[in-house]
Amino acid sequence: MEKVTKVSALALAITAALPMTAQADIMISEYVEGSGFSKAIEIYNSGTASVDLSDYTLAYYSKGDATAKTILNLSGNLAAGSVKVITNNHADNTIELDAAIDSVSAAIYFNGDDKVAILKGTEQVDLFGEIGTTGDWAKDVTVERNANVTAANSTYQASEWTVKSKNLFSGLGARNGNFAGGDIPVEPSFSCLGETITPIYDVQGVGRISPLIESGKFESNEEVTISGVVTARGESLFKGFYLQEINGDNSPYTSDGVFVYLGEAPSEAIQPGTQVCVKGKVKDFYGLTQIDIKADKKFVIGEKTDVPAPEAFYVADGESFEDALNRYEGMQIVLDAGSDMKVTRTFSYDYAARRNNMVLSHKTPLMKPTQVYAPHSDKATALQAANRGNELYIESDFKAKNGEVPYFPTFNAETGYIRVGDQMTNMTGVVSYSYGEPRLVVTNEITAGDFIRINDRTNAPEVASQGDIRVASFNVLNLFTSDSDIGGPLNPTCKDQADADASRGCGRGAHSLEDYQLQRAKIVNAITEMNADIIGLMEIENNGFSEHSSIQYLLDALNAEMPAEDAYSFIEATDADKYKGEFIGGDAIAVGILYRSSKVTPSGDAFIVATPEQHATEGVASRDNNGTLEYSPAYDKFQRHSLGQTFQINNEKLTVVVNHLKSKGSGCLEDWLEFSESKDPADLQGKCNEFRVSAAKVLGESLKTVEGGLLVIGDMNSYGMEDPIAVLTDYDAATANREIVSAAWTTLNGDVYERQGSKIDKGYGLINLNTQAHGTATFGYSYSGELGNLDHALANKLVADKLVAIEDWNINSVESSLFEYPSKYSGDLEKSDNAFSSSDHDPVIIALSYPAPKPEPEVKPKNDGGSLGYFGLMLLGLLGLRRTR
C-alpha cells in the first residue's frame, strides 16, 4: 500500500537555523508528484522580512508550452524563514497535513511533464523545470531544494534539487528534511526466508490467463512469492522487470518468465543477471500476466548469475500464432529463420501506443481482406480476424527519437532499410502485452544483414522495357509549390499566402525549398526509371498550368533528365472546363496527365468528368440509438474531378481517364447512419464507400460512348474487391451476395443528382488488368500493416486484349515513411533522392501492344491489256491493232 504520513503539530522553529539572505525571495522549496492526485508545492521566504504574497502567482508550463498557466494567485503574508504548502484540492489527494502547517489548496494539474514557476506580476522569479522540453522528467517523485540554495532562480538549475522517493510527504512544512516531529512509519523489510516459492510456470499456466486468477476477476485472491533471474529491465514503456526461472519445467506449453510491475524504473541494482525474489498478487493487465508489487515493493535482490539463453520462437503445426506467443509470455526469445516472421508494417507511427514501432506477422505479410474477398463475405470476415491474431509489435523500452530505430542503429535510406516482406532473424527480446496487443521488447541490436530480403528493391520496374507503349498511374503525395519558399501560385482552397505557408493550412506538401527539391527529385528519379509514355498523376497541387505551377515545375525537372526525343508535355484542360478559369475542380489537389509526343499524339481536347458532391443539411436523416431518436449532422463532402484525353497511337485511339476518388478517412452521411462516424465500418471498406460508388456510377455512365480503347486509371481509394471497383467492372446484382448502393443527397455540376441512394444493377464491364494478369492478391499500398491496391488500371476489352504486362513497382508501399521528403518527424535522419519512398503509393505501370502498322507491299504492273507495257504495245503494233484514246 502507499504510505501516507500525517505530520504532527509543531512550530516551524527549524527554519530559524537556516541561512538567510538580506533580500526577501519567494522560492519553490519542494515539489511533490505522487500517486494519482497527490500533488503539492512548498514555497519558502528566504528573506529577513515578511512578504505580501498578493503580488505573487504560482503557475505551471504544460508539457512543451512556453506560456504559463495559473495554478493559484497567492494571498496573505509569508513570514521570514517560513514556508507555505499548496496542495491539490482533489478529493482523492492522499496528502495529510497537520493544522499547524500554513497551507492552502488549489487545482494542481502538473503530471511529470510540466514545469512549475513563481511569478511576481508578469516577471518570473523562480522555476522548477526547463521550459520548452517534453518527457516525464519529474513524474512519480518528490524533489527538494537543497539547503544551501537561499535565493530564487528564474532559470532551472538541476544541481539545486535533490530527488527523493515517490509519495514521500513528510518534508512538507519543513524547509529541508522531514517536518520536525513527523511520524514516518518504519516497515519491516521483506524477506523471502520462510516463504513458499511458487514456480513461475505455475503462475503462467497453459492458458491465456493465470490459473491463479479466478474466472471473471483480474487479480489473484492471495499474494504469491516467486524467484528468478532478471532478463530485462523496463524503465519507460513497461515499468518494472522481467523474471525468468533459471531451469524451468522444460515444458513447451508453459512460460518460464513473468513481468514484475514496479510502477517505476527499477533501481540500478536490478540488472539482467540479478536474482530477485518478489511477493505480490498475480494480475491480468490487458492481456499481460504480471506480479504487481507497486504498492509495497516486496522484493529481495540476490546474487548475480548468467541470464538464461533466449529460446528460439516457433509456431507448432496446428497451433495459432496467438497461442504460440502465450507459451513465451514474459520470456526472452530470439527470432531466427525458423521463426518465419515477416515485416508487415515498417517502422512507423502506431496510433494506439502513440510511438513509432514495427509490426511482424507469421509466414507472410497481411493482405487487406477486401483486396482479395468481397465485402461482407465470410472469407473477408475470417481473414480480418486472422490478421488481428497474427500481429507482433516490435518495441523498444524507451520511446524512439525521431528518425531513429533504437534496435537498428545503422538504419539508413540507402543500405540499412526495412521493407514489408523482409524476414526477421537474430532479434532477441521479451514477450509482453500492452494496448491489447502482443509486443516484443527488443533487448539487442540488429544490422541490415539480419533481414532476409524476400522482395528486395529493384532499380527499375521489369515492365519498363516491355510492350510498344507504357501507361502509368502515380500518386505523387501532395507535390505542392505554393509555399513562399518554393514560389508557386496558390490553389483554390487557399485564403492567402499565409494560409499556404501555415503548417495546417491549404499547403499540404513541402514547407521548405529543401524538402520540395528532395520530393521532386525522388519523383523525377522514379518516373525516369518507369519509362512510361503516358502518366496519370494524382495529388499534384491544383494551382493551374502557369510557368510556376506544380505540374510545370515537375515537367521542367523531368525533361532536364530526358533526351529530347523522350521529353514530356502535359495535358491542359480547356478554358471552358476550368474552375475559375484556372483549376481542375475546387480541391487543393488535382489529377494530371503527362505524355511523350514522340510516342503518342493527343486527339481532340481534354475533357473533365465532374464527380458527385454530397450536401446533406442537418437533420435530413435519423437513427434509433437504443430507443433515442437522433438526427444527422450536416455533411458537405467532395471528391476530385477526373481528367480524360484521347490519344492516337499508330492509327488507333486510346482514351486515358485519370481519377482520384474520395478518401476513406472522414465520414459521410451513410457512415453516421451505420454508427460508424468514429470507427471503421463493419464492411471494412472505409468511410464514404457509397459516395465513391456514386462517383464510379457517374464515371461508368460518362464513358459508355467512348470510341476505341479505354483505360481508367488512378487512385480509386477502393481495394480490389470493394464496391466502386465492382461497379466499374463485373458486378451483377442478380448473382451477387451483396447489394451495392450509391450515396444519398448528392449533386452533380450544381444540380440534384440523387436524393436517395440507388441500387446498382450491373457493372460497366471494364476489366481489372491487375486481376487479369496476376489474380486478386496484388498490392501497391500499405495501411496499418495490411497490403492491397488502391491504384487501379481498368480497361475495356479492346485494351485488355493488348495487355503485355502490368506491374506495381514496389518502391513506396513496402518502405518506411521516414525516408519520405518531410523532415518534421525524421529528426537527423539523412535522406536520399533515390526513388524509394518517393510517395506512399506505388506507381502502376501497364505495357500495351500497339505495333506500328506494316507498310503495304508495292504493287507491280501486270500485262493484262489494261496495262500492257512497252512489250505489249510492240506486240499490238505487229498485229496491226491500235488503242483508241
Side-chain angles (χ1 to χ4, degrees), residues 231-232 237 257 309-316 319-350 353 355-367 386-398 400 404-434 437-457 779 782 784-787 810 813-819 836-837:
T231 57
L237 179 61
E311 291 196 18
F313 173 77
Y314 72 96
V315 180
E319 182 183 37
S320 72
F321 180 65
E322 294 171 293
D323 286 343
L325 283 175
N326 185 65
R327 294 191 286 108
Y328 297 97
E329 181 186 14
M331 291 179 63
Q332 186 164 227
I333 64 170
V334 60
L335 303 180
D336 60 12
S339 303
D340 205 3
M341 297 299 297
K342 306 293 199 308
V343 176
T344 196
R345 200 197 78 209
T346 56
F347 194 80
S348 57
Y349 194 67
D350 172 11
R355 52 172 30 217
N356 287 326
N357 53 33
M358 185 170 71
V359 183
L360 305 182
S361 56
H362 185 233
K363 287 191 174 181
T364 182
L366 307 179
M367 289 295 294
N387 284 355
R388 298 293 73 78
N390 189 14
E391 295 170 311
L392 177 61
Y393 286 75
I394 307 301
E395 295 281 10
S396 56
D397 182 58
F398 283 96
E404 294 183 9
V405 182
Y407 44 82
F408 187 14
T410 54
F411 177 70
N412 69 84
E414 293 287 351
T415 59
Y417 48 86
I418 304 170
R419 283 170 62 91
V420 171
D422 287 350
Q423 184 168 332
M424 191 74 257
T425 66
N426 300 325
M427 174 179 278
T428 64
V430 284
V431 177
S432 201
Y433 291 80
S434 69
E437 302 289 352
R439 297 176 187 263
L440 182 71
V441 185
V442 182
T443 54
N444 73 329
E445 291 185 352
I446 59 172
T447 68
D450 294 321
F451 294 95
I452 300 175
R453 308 292 188 187
I454 307 298
N455 173 26
D456 205 356
R457 290 175 170 180
F779 68 87
S782 175
S784 194
E786 293 180 326
L787 296 167
N810 299 147
S813 65
V814 298
E815 293 275 349
S816 174
S817 59
L818 292 175
F819 297 144
F836 305 101
S837 293

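No hydrogens, no waters, no symmetry mates; every other heavy atom, side chains included, goes into these values.
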Check your understanding: Would you say the side chain of Lys363 lies within less than 4.5 Å of the side chain of Val315, judging by non-hydrogen atoms?
Key -> no
Check your understanding: Below 4.5 Å, heavy atoms only, C-beta onward: do Thr346 and Val420 meet side chain to side chain?
Key -> yes
Point to revise | Side chain proximity check, Met424 to Ile394, heavy atoms < 4.5 angstrom | key: no
**Study point:** cation_pi(Arg355, Phe398) dist<6.0 Å, angle<=45
**Key:** no
Review point. Can you check whether Ser816 reaches Phe411 side chain to side chain, under 4.5 Å on heavy atoms?
Key: yes
Exercise for review: Walk me through it: do Tyr417 and Asp456 pass the test side chain to side chain donor-acceptor pair (under 3.5 Å)?
Suggested key: CA-CA 10 Å; Tyr417 48 86; Asp456 205 356; 2.7 Å; yes
Review point. Less than 6.0 Å separating the ring centroids of Tyr328 and Phe313?
Key: yes
Review point. Does Glu322 come within less than 4.0 Å of Arg388, counting only side-chain N to carboxylate O?
Key: no
Point to revise | Polar side chain donor-acceptor pair, Thr428 to Thr443, under 3.5 angstrom | key: yes
Review point. Less than 6.0 Å separating the ring centroids of Phe819 and Phe347?
Key: no
**Study point:** Close side-chain approach of Met331 and Val431, heavy atoms under 4.5 Å
**Key:** no
Review point. Is any side-chain N of the basic residue among Arg345 and Glu391 closer than 4.0 Å to the acidic one's carboxylate O?
Key: no
Exercise for review: Would you check if Tyr407 and Met358 make a side-chain contact, meaning some heavy-atom pair closer than 4.5 Å?
Suggested key: yes
